[in-house]
Structure formats: structure tokens, C-alpha cells
2 protein chains.
Amino acid sequence: MSNTEYELPNISVDVVPVTVNLDTNQLEVLVGRRIFEPYLGEYALPGVLLTPHERLVEAATRALETKTLVKADDIVAVYDLGTFDNPDRDPRGATVSIAKIAVIAPHAVVEDERVKRITLDAVANGDEQLPFDHNTIVQAAATLFGEKFLSSKTFTKSVLGEQFTTKIVRGLLTQMGRITTDSDHTYDASNLTRQLKGTGWVDVVDEADSYGTSSAVYATTSAAYDIASQISAALTTATSTGRGRPSRTWTWK
Amino acid sequence: MSNTEYELPNISVDVVPVTVNLDTNQLEVLVGRRIFEPYLGEYALPGVLLTPHERLVEAATRALETKTLVKADDIVAVYDLGTFDNPDRDPRGATVSIAKIAVIAPHAVVEDERVKRITLDAVANGDEQLPFDHNTIVQAAATLFGEKFLSSKTFTKSVLGEQFTTKIVRGLLTQMGRITTDSDHTYDASNLTRQLKGTGWVDVVDEADSYGTSSAVYATTSAAYDIASQISAALTTATSTGRGRPSRTWTWK
DNA sequence: TCAAAAGTGTTTCCTATACACCCATGT
DNA sequence: ACATGGGTGTATAGGAAACACTTTTGA
């Protein structure tokens, strides 16, 4: 029932679209150039006004599609991030924001002058200033990411996809400051493989083949989402472009 | 800016009012008897429709005051709980619920035929059935409680108040299933005192006096909220009504 | 003085971290 | 071959759980 008898509040659904950059092994946030006032032309988180009878994930999808050119199929997962109700957050007037974090499939990100990727760090450092209270929202996303990554299986799986390398995990942990780069350029991350095994969540892909022969061939997994094979291709590239020993590839049990 | 040009969604703010029962050492939820349809006469979580320009905590306060007779001063803290947007959650039509968990000062709870206290367990077990999707919301609250209790200092402090006994902590942990009662009726919670010390958050109140002389006199703490002294009185009662050795009282550093 | 409840001393186990070393690749 | 990045073996420290025992109360 849509109610016009009473005054109703404006509710926006704002999304933090996160995606793993497979070249840099960093977590990035997608922002779209605004085509309306206020902040016309600036990059901001995708967000839309919630309409009646619309579910939150639907609104989030609509925001991602219209503001950051992400196709619905490339949205891997959507999680709750919280609510933001500072009355000054929008110059147009009080609008309560329901924030979501959406994991976007890595290969699916459109590079365009309308859509930009920024690293989580850039926002955390304040190097990148976003309009509205979007810096606050991204920071909340970063916090949630730190809490869930490698502690919630479903969350981690949605971020890493069906297959992933140790290298990517290392990159993300380094980004989060959870792994320190030693004085002598040696990574102090020697236990990562052990930790991954310790979770009991994952299996090594093709242990025999991945050494000696070629790092290009990986086992085909039961793809939960058909993005997997494409990611796999990207992975192969990313993996083979190193100097030292190539890192392991993992699948989910 | 109140907007009547577009159709706007209905947003409700629903609150899970939790409070520590100092007699049973259990966490309880306050529910109020509904005075409107639907579910007239049934006990439900307090909730109101969000009005424009109203902040979420204000709406939560309004809900607590009107539906469960809690005075604003007795609301110790309000935390985010999440959003619930199942379209069937309200028979009147789609309403998105923004849920909050509110910690209510123990002494402040009004016992009335309009307001009832139920234990968290009763809801979790399904012994207590609430209207709408309130069982789901309470369960989310229980989960959040389990995550934050004894791991977030501010959260824990808001729940336990300025002063508290080991006994209460034990009660809550037992309720959550985090402490098991041994086969021989002996509590397997021998490390509780150690754990509390280990947090570094708290100090023992009046170690010397609390033995030998009388368990009635406690140090006056710098009361963050003036409820403290009243709680203290209640505590004294609760503490002195046991058989064995009285439990310690703690204050926050 | 006995039962009940709370707290302490101490052991044991497990896991996180660290350090030293070995393996697989590109140039 | 050697520098670079990745992984394993093994030692060590710290914290959680367990168990036996002591302390403080009410009846």
C-alpha cells in the first residue's frame, strides 16, 4: 500500500561496489560520475531513491546498473552495511541512506569516463574525496570487509570467486595492513598457505600439474556462477606475469 | 524536503529493547501489547513509522516511549541491527523495517499488562511467537549480542552498566550457551574472573571490604549515567541472595 | 559442619607467529 | 646462475580450556 496521506521520508539505497583488481591484487571501489546536481560531474557511490514495493537488493541493482554500468549478472553478492541518517548528508534535504556492499565480478568492470575504480586505501587515506557522506560509507565498508574476509566463508568466497591464487589473498591482506612487508623485501607471509589450508574451506587445484609442466592448465570446477572460467583466464594471466615461483590456485570444497 | 510528488516507501523503525534481569541474570526483551490492528492485543516489538526529518534514534526513542513505556533517560544505548524488507512482513503492505537494538537500564523496566519481558531464549526456541517478522529480528539481535558481548567494550559496558558482578556475566554467558554446566552441577566457568581481568577493561571494586565485613558497601564510581547507584542497590540485593561465596563486583577503568 | 557458589593455581593443548631454509620461475 | 617470489619444517610464545583445590558464604 503506497501511502500519500502522511508525509513520508526519502530513503536512498547507496551501494559500495567492491571488486578485486586482478592486476594489482587490490580491492577497489567503483564510483560513477554524477549526471545530476548536486555534485554534477563528480564521482560518487551509486545510489537511488527507494521506491515503494521495491526490495532493497532491487534498488541496489538498479543503482549499480544505472550509475556504474554493472550488469545484474555480474553482481556476485550484496550485503548489509548499515544505515546513515546524518541530516546534513545530502544538501537537498534529509534523506536516510540504507547502505549495501556489493561484490562485483572482477572481469565485469567497465572502464569508461563515466566509471572509475579507486582503491580502498585511497578513500581511507582521504586521498580520494567523495561527495555526500560517501567517505564514511566506504570506510564502514572497509571495516566490514576486514571483519568478514577470511572469517566468513560465504563472504570470502563471493569476493575471491570460484578459483583464486594465494597471491591475491596476499595482496588483499597486505592492503588491509594485516601482513607486513619485511625490512629485506621479504614477505612476512610465509604462513599464508597454511592458514588457507587451516580454514578447511578450500582445496589446492591440480597440485601435480601446477608445477613443472605449465601454469596455464587448471582443473574445471563445478562453477557456481559461470564467471568462473573467465576469471580463470584472467587468473592465468595474472599468475604467469610474476618472476618467482607461481602461486597456488585454490578451489572451494 | 518532504516529497509528495513521488511515491515514497513506508519505512518503520523497529526496536529490540534488551535489558538484563538482575534477579535471573538473564537477558530479556521487552515487548508491548499492540493497541491497533493488525495483531491487536498481541505482544510485539515497539516500532513506529519513520517521519521525514526524523533521525533514526529519535524514531527508536519514540517507539520505546509509546509502545513499551520506557523513558528516554533510561535508554542506555542504541545500536544498528540491520534492515528487513521481506514484502510479506507486514500484512498491511510492503514496509521496509530499519531495526535497532536498544539497551534499557535494568531498574527502569515497567511491569504492566501492556508491557511484557521475555527471555531471549524463549524467542530463539520458538516458545514465544511474535507477530510480523519480529522473531527474525530478535534472532538477529541475539546473534549481534553474542558477537559484541565481551568483545566490544562500549557495547558490553552499556549492557552491564557502571558496576556489575561476575555472577551476571556468568548468567548471560550460560544463557548464550557459551558456558556449560558440568555433569556434577559444578559450573565449568572457573576462568571467568581471569577472563574479565584479561580484558583490561575492568577493576575489582573494593576487594578488601567485599569479604569479611559486609557485601553491602561498594565504592562510589564516577557515574557515567546516574542510574548507577540504583543498579548498585539492586546488585547488592541480587548478590546477597545466594548461598555460596558472593561474587565480585567490577567497575570500568 | 556441610553444601553451594566463587575464585585460584597449575597443567595441557592448540594456534598464531616467527625464523630458517628449500623450491620454482623469469631473465 | 641468480634474483625474485612462494612454500615448508620446525621452534616458540601466548591464550583458551580443563582439573584439582581453596575460600567464602547460608543453612
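Every value quoted in this text rests on a predicted model; they were computed, and no experiment measured them. Letters A, B, ... mirror the listed sequences (proteins, then strands); counts begin at 1.
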Could you tell me how far apart [X] ([atom1]) and [N] ([atom2]) are, to the nearest whole angstrom?
| X | N | atom1 | atom2 | value |
| --- | --- | --- | --- | --- |
| B:Asn25 | C:dA5 | CG | P | 12 Å |
| A:Ile179 | C:dT17 | CD1 | C1' | 12 Å |
| B:Arg194 | C:dG9 | CZ | C1' | 7 Å |
| B:Arg243 | D:dT25 | CZ | C1' | 11 Å |
| B:Gln195 | C:dA6 | CD | C1' | 15 Å |
| B:Lys167 | D:dG26 | NZ | C1' | 12 Å |

field: Residues that A:Tyr79 engages under ring pair (Phe, Tyr, Trp, His ring centres under 6.0 Å), provided they are two or more places apart
entry: A:Phe155
From the set [options], return the single nucleotide nearest to any side-chain atom of [X].
| X | options | result |
| --- | --- | --- |
| A:Ser247 | D:dG6, D:dT24, D:dT8 | D:dG6 |
| A:Ser190 | C:dC23, C:dG7, C:dA20 | C:dA20 |
| A:Arg170 | D:dT10, C:dA6, D:dG7 | D:dG7 |
| A:Thr193 | D:dG7, C:dA5, D:dA17 | D:dG7 |
| B:Arg245 | D:dT23, D:dT25, D:dT4 | D:dT23 |

- prompt: Looking only at N and O atoms, is any donor in the side chain of A:Asn191 or the base of C:dA16 less than 3.5 Å from an acceptor on the other one?
  reply: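 Result: no qualifying N/O pair found.
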query: Under 3.5 Å, is there an N or O donor on one side and an acceptor on the other linking the side chain of B:Arg248 and the base of D:dT25?
result: no
query: If we only count heavy atoms from C-beta on, is the A:Arg33 to A:Asp112 side-chain gap below 4.5 Å?
result: no
- prompt: Do the side chain of A:Ser152 and the main chain of A:Lys148 share a donor and acceptor less than 3.5 angstrom apart?
  reply: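 No, because the side chain of A:Ser152 does not come within donor-acceptor range (under 3.5 Å) of the backbone of A:Lys148.
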field: Phosphate OP1/OP2 of C:dG7 contacted by B:Lys197 side-chain N/O (<4.0 Å)
entry: no
message: Once you measure the plane-to-plane angle for A:Trp252 and A:Phe164, does it fall in the parallel (<30°), tilted (30-60°) or perpendicular (>60°) bin?
response: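 Tilted: the ring planes of A:Trp252 and A:Phe164 meet at 30° to 60°.
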